[in-house]
Number of protein chains: 2
Amino acid sequence: MVRKTKEEAELTRRHILDAARRVFLECGVARTTLEKVAAAAGVTRGAVYWHFRNKTDLFFGMREQATLPFVDRVVFDEAEADPLQGIERALREIIHIMEDQPETRETIEILSFKCEYVEEFSGLRLRTPGQLEFLAGLTAAYQRAAAKGLLRAGLDPTIVAQDTFVFVGGLIKHWLSSEPDECFRAGALALIRTHIALRRA
Amino acid sequence: MVRKTKEEAELTRRHILDAARRVFLECGVARTTLEKVAAAAGVTRGAVYWHFRNKTDLFFGMREQATLPFVDRVVFDEAEADPLQGIERALREIIHIMEDQPETRETIEILSFKCEYVEEFSGLRLRTPGQLEFLAGLTAAYQRAAAKGLLRAGLDPTIVAQDTFVFVGGLIKHWLSSEPDECFRAGALALIRTHIALRRA
DNA sequence: CTATTTACATACATCCATGATTGTATAAAA
DNA sequence: TTTTATACAATCATGGATGTATGTAAATAG
């Protein structure tokens, strides 16, 4: 047993997190055993238990990595001349994140389809701070659009924001469920464009 | 051990299915043990194994019950004078089913949040026949609306149908995740109304 | 250079869910 | 009425996952 340096240890920690994501995706969280994760990472359970308290800890560790891209890239610029275009760009950005960041995409897929929201995981299901912030950003953007007269007449910015929020939830779900070569993925951007165009004055 | 008549046996079968739904909802499918189901149904595992091959069989048995209300109640009348109103009614019907059929609602909640789509369950995730039929119904209805000049100018019925399809997916997800007293539930019907109104000429 | 801690691997004990087997009293068939 | 199949309950054997405890060699602190 050759002892590792601090940097090497941090590396195995990442390997374990990566392996966990792969195994979670393939087996689902519940059927994932720390033995499988260890094997996939090329270590033993001893290493896994050294870096993480248990499977739940490992799960939350993996989840943490995936939230970062969103808070960085999905933003609403308040100074945007056309807030509706800002919303459209934000929605497109979500798709792009899933397209060019496989780890993030896989983690979202795990959270969406490979995880049961009970007991220690049930807290993740209700609106998370990030989700609420996104909804708030949408609402504010639609309000700015309304103030600029860009929103179609008679539309309540709050309602429209909720509508888009719901749309995004469904979009992610269906996008993840569609095959990479399926037309739905290619059509996602068109869907987003139509979605926004419907709201424009 | 007093042997039951055929009718009594059918009754315990239903009791087991009901109990399974409750336990699935509380513990998630993976952590549900047949011992828990048996206890919740007031029987032993012997009875469960008599009526169902294993947990998977029990799961699909429960699922079968829930699909029926939808094919019955969520329909598109081709003779409808206003197809958009027909779509709106269909969407409202989905909400109403979840409101006044707790068993159906609970089953959908299990399928949405208490089940991992791996191995024997992975088939349920891709578009099921029922979902495809619903999408086809939406597309046809929007096409009829377009033919009658009821659809807003410049909208592609196929795209709009996909948009509504995505909307419904997100709507169910968020509706299930919201608390019964939360404003989102009350606002769901308003959301639907706005969603359709946006598409009207 | 010595002591201690780190970063794991290995081994162990425990528990629990599963599926199968067996037992049994009675409904239903003949 | 006798026989057989039914509808379970009770018991058993097995495996597999978990957490912990121990071993260990090298990195690091002093």
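By convention in this document, chain letters (A, B, ...) are assigned in the order of the sequence lines, proteins followed by strands, and residues within each chain are numbered from 1.
- Under the 30°/60° scheme for interplanar angles, the aromatic rings of Phe60(B) and Phe121(B) are found to lie parallel.
- Ionic pairing of Arg73(B) and Asp100(B) is present here: one or more N-O contacts between side-chain nitrogen and carboxylate oxygen are shorter than 4.0 angstrom.
- When the side-chain nitrogen and oxygen atoms of Thr12(A) are compared with OP1 and OP2 of dA7(C), none of them lie within a distance under 4.0 Å.
- At the phosphate of dC8(C), neither OP1 nor OP2 sits under 4.0 Å from any side-chain N or O atom of Trp50(A).
- The Thr5(A) side chain lies nearest to dA27(D) when the options are dA7(C), dA28(C), dA27(D).
- We find that CD of Glu8(B) is positioned 13 Å from C1' of dA25(C), with the value rounded to whole Å.
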(message) At under 4.0 Å between heavy atoms, how does the protein contact nucleotides 14-21 of chain C? Give one character per nucleotide, 5' to 3', with B, S or -.
(response) ---SBB--
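- Among dA9(C), dA27(D), dA27(C), the nucleotide with an atom closest to any side-chain atom of Thr44(A) is dA9(C).
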(message) For Asp163(B) and Arg199(B): C-alpha separation, side-chain torsions, deciding distance, then whether salt bridge (charged side-chain N to carboxylate O under 4.0 Å, His left out) applies.
(response) CA-CA 11 Å; Asp163(B) 186 30; Arg199(B) 284 146 185 81; 2.2 Å; yes
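- Judged by the 6.0 Å distance and 45° axis criteria, Arg125(A) is positioned over the aromatic ring of Phe113(B).
- Rounding to whole angstrom units, CG of residue Asp57(A) and P of dT18(D) are separated by 14 Å.
- In the model, Thr33(A) has no side-chain atom that pairs as donor or acceptor with a side-chain atom of Glu35(A) under 3.5 Å.
- Between the C1' atom of dC8(D) and the CZ atom of Phe52(B) lies a distance of 14 Å, rounded to the nearest Å.
- In this structure, NZ of Lys4(A) is placed 12 Å from C1' of dT6(C), rounded to the nearest angstrom.
- Of the charged side-chain nitrogens involved, at least one lies within less than 4.0 Å of a carboxylate oxygen, so that Arg92(B) and Glu88(B) count as a salt-bridged pair.
- Between the CD atom of Glu10(B) and the C1' atom of dC8(D) there is a distance of 15 Å, rounded to whole Å.
- For dA7(C), the OP1/OP2 oxygens have no side-chain nitrogen or oxygen of His51(A) closer than 4.0 Å.
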